[in-house]
Visitor: 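Have a look at this one before I ask anything.
Just so you know, these numbers use all the heavy atoms, side chains as well, and skip hydrogens, waters and symmetry mates. Worth saying up front: this structure is predicted, and the values here are computed from it rather than measured.
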Number of protein chains: 2
Amino acid sequence: MNDVRDTKTRILDTAEKLFAGNGFHGTSLRDITKDAGVNLAAVNYHFGSKDALFEEVFRRRFLPINRIRRDKLERIREEARQENLRPSTREVLQAFLAPVLHFRETEPGAAAFITLVGRTISEPDDRLREILMGHFRPNFFLCFAILCEALPNIPKDVLFWRLQFSIGAMSHTLFLLGHAKVFPEGVIPDLDAGAITDLIVSFVTAGMETQ
Amino acid sequence: MNDVRDTKTRILDTAEKLFAGNGFHGTSLRDITKDAGVNLAAVNYHFGSKDALFEEVFRRRFLPINRIRRDKLERIREEARQENLRPSTREVLQAFLAPVLHFRETEPGAAAFITLVGRTISEPDDRLREILMGHFRPNFFLCFAILCEALPNIPKDVLFWRLQFSIGAMSHTLFLLGHAKVFPEGVIPDLDAGAITDLIVSFVTAGMETQ
DNA sequence: GTCTATAGATTGATAGAC
DNA sequence: GTCTATCAATCTATAGAC
């Protein structure tokens, strides 16, 4: 009632939350429109279909994340070139992984989206996974290319797999952050985004550079 | 027609394949029974429900994998104790991760199951994910405990997160192995299970031991 | 054990009034 | 733009004949 967001935004926010929690196929249009407080027909009026709504959930969030990520990666590459040095493996991986976790903390409501990303990477529905990959692929290849410059003595196919391992570590972490209850007692899971970022960047940097 | 497997086995094999390819909710009982060449009602007759069939798919495969994994981990721990040494981080992680990949190559039809595991780790349906976690948890904690003995100078919560990163790397890899088409040209993706195992064990060992 | 037929519930999408 | 009402398709599960 006092919700000043317009209908489109309310639907997007709610869809993001429910897709993250119950998956695309586990969320019906009735779930979304009821939770958002809008009419059942509003999704098809504003977005055209359930699929198109899913696409818009991703487009809205990925545009700013990808801009930051690409700018950081390009700057690292350019600065290394101007100083005739190799890019730093850690800085490359930091630029690739940190924006997502940072975004999770600073953007209101983004936590649900990040959980959704962690899930959609292994989404069974090829159509949905491709929507994610379309946003993700360009920066993946950019990161891969700069890593090859950073570590020219390691075979490219090894670096390729190691970057995939890093993405796996990351996506699993994003998923876990949305399901805090999996942690055992005695182990402190409540680390902030900065601490988690440091942990995972150290981990994958060591793995990437090992001989 | 010439299929000598009994109805139960045919249903299990087919369900495993289709759940891996299209997800639990993307696979109907009609899909399964049609592909298996059995009657629609056979699933409910032999297993009771679609959920119970899913459970049996996991039980059948996890019993032998978990036995091998537990035996290997316990032996590493015991041998280290008798020689008054710390367990080797690499051997622990190898014992934890290798059986799944090895099983994928040697057991007929297991590849589909492994893909399914990689997917179910981030399954949106809590009920389904819990079926997997029930099989996975005991060996996870056993591995974690031995890692704490192997690396007593690294804080336990750091080791806990690093083991989670390792599982993420592993599950993403298992998923990718079921979707070879994601690889770019020029990079050779066709590594066998042994090569992939070496790559991932080296990666996570370096990440686990870094200061 | 295997089959057909169907109950009973839920879904995405849309037509048409306001 | 928003609403109600409803269509057509899909699903799991089961009753009951053979």
Visitor: Would you say the ring centroid of F140(B) lies under 6.0 angstrom from that of F160(B)?
Guide: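 Between F160(B) and F140(B), which both carry aromatic rings, the centre distance is below 6.0 Å.
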Visitor: First locate atom OG1 of T120(B), then atom NE2 of H135(B), and finally report the distance between them rounded to the nearest 0.5 Å.
Guide: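 So the OG1 of T120(B) and the NE2 of H135(B) are separated by 11.0 Å.
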Visitor: Please list, by residue number, the residues of residues 46-60 of chain A whose heavy atoms come closer than 4.0 Å to an atom of DNA chain D; answer none if no residue qualifies.
Guide: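 Those residues are H46(A).
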Visitor: Using a 4.0 Å heavy-atom cut-off, does T33(A) contact any base of the nucleic acid, only the sugar-phosphate backbone, or nothing at all?
Guide: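 Nothing: the residue T33(A), judged by heavy atoms under 4.0 Å, touches no strand.
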Visitor: Rounding to an integer number of Å, can you tell me how far Y45(A) OH sits from dG1(D) P?
Guide: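 That distance rounds to 5 Å.
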Visitor: With salt bridge (charged side-chain N to carboxylate O under 4.0 Å, His left out) as the test, would you mind laying out the steps for K8(A) and D6(A) before giving the verdict?
Guide: CA-CA 6 Å; K8(A) 267 187 97 157; D6(A) 64 11; over 6 Å; no
Visitor: Quick one: list whatever passes salt bridge (Lys or Arg N to Asp or Glu O under 4.0 Å) with E16(B), sequence neighbours left out.
Guide: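 If we apply the salt bridge (Lys or Arg N to Asp or Glu O under 4.0 Å) test to E16(B), skipping adjacent residues, the hits are R60(B), R61(B).
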Visitor: Can you measure H25(B) atom NE2 to dT10(D) atom P for me and round it to whole angstrom units?
Guide: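 Spelled out: NE2 on H25(B) to P on dT10(D) is 18 Å.
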Visitor: Does a nitrogen or oxygen in the side chain of S28(A) sit under 4.0 Å from OP1 or OP2 of dT10(C)?
Guide: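 Looking at the OP1 and OP2 atoms of dT10(C), neither is under 4.0 Å from any side-chain N or O of S28(A).
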Visitor: Round to a whole Å and report the spacing from CD1 of I11(A) to P of dA13(C).
Guide: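 Taking CD1 of I11(A) and P of dA13(C), I get 13 Å after rounding.
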Visitor: Just to verify, what does A195(B) make a side chain to side chain contact (heavy atoms under 4.5 Å, CB included) with, not counting sequence neighbours?
Guide: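 Residues passing side chain to side chain contact (heavy atoms under 4.5 Å, CB included) with A195(B): L191(B), D192(B).
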Visitor: List for me each residue that meets side chain to side chain contact (heavy atoms under 4.5 Å, CB included) alongside K34(A), sequence neighbours excluded, and say none if there are none.
Guide: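 For K34(A) there are no side chain to side chain contact (heavy atoms under 4.5 Å, CB included) partners, ignoring immediate neighbours.
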Visitor: Report yes if the distance between the aromatic ring centroids of F113(B) and F19(B) is under 6.0 Å, otherwise no.
Guide: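 No, the ring centres sit 6.0 Å or more apart.
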Visitor: Side chain to side chain contact (heavy atoms under 4.5 Å, CB included) with L142(B): which residues, sequence neighbours excluded?
Guide: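 Result, side chain to side chain contact (heavy atoms under 4.5 Å, CB included) vs L142(B): R70(B), L73(B), E74(B), R77(B), N139(B), I146(B).
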Visitor: Can you give me the N/O atom pairs linking the protein to nucleotides 4-6 of chain C at distances under 3.5 Å, or say none if there are none?
Guide:
| from | atom 1 | to | atom 2 | distance (Å) |
| --- | --- | --- | --- | --- |
| dT4(C) | OP2 | N39(B) | ND2 | 3.2 |

Visitor: For K8(B) and dG1(C), give me the distance from atom NZ to atom P, rounded to whole Å.
Guide: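 Atom-to-atom, K8(B) to dG1(C), this comes out as 9 Å.
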Visitor: If you apply the rule salt bridge (charged side-chain N to carboxylate O under 4.0 Å, His left out), what do you find for R127(B) with E55(B), and how did you get there?
Guide: CA-CA 10 Å; R127(B) 238 175 49 260; E55(B) 277 201 64; over 6 Å; no
Visitor: Grab the CG-P distance between N44(A) and dT4(D) for me, whole Å please.
Guide: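 Computing the N44(A):CG to dT4(D):P distance gives 16 Å.
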Visitor: Using whole Å, report how far CG of D125(B) lies from C1' of dC11(D).
Guide: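 Atom-to-atom, D125(B) to dC11(D), this comes out as 15 Å.
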Visitor: Does T7(A) make a side-chain N or O approach to OP1 or OP2 of dT2(D) shorter than 4.0 Å?
Guide: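 Yes, because at least one side-chain N or O of T7(A) sits under 4.0 Å from OP1 or OP2 of dT2(D).
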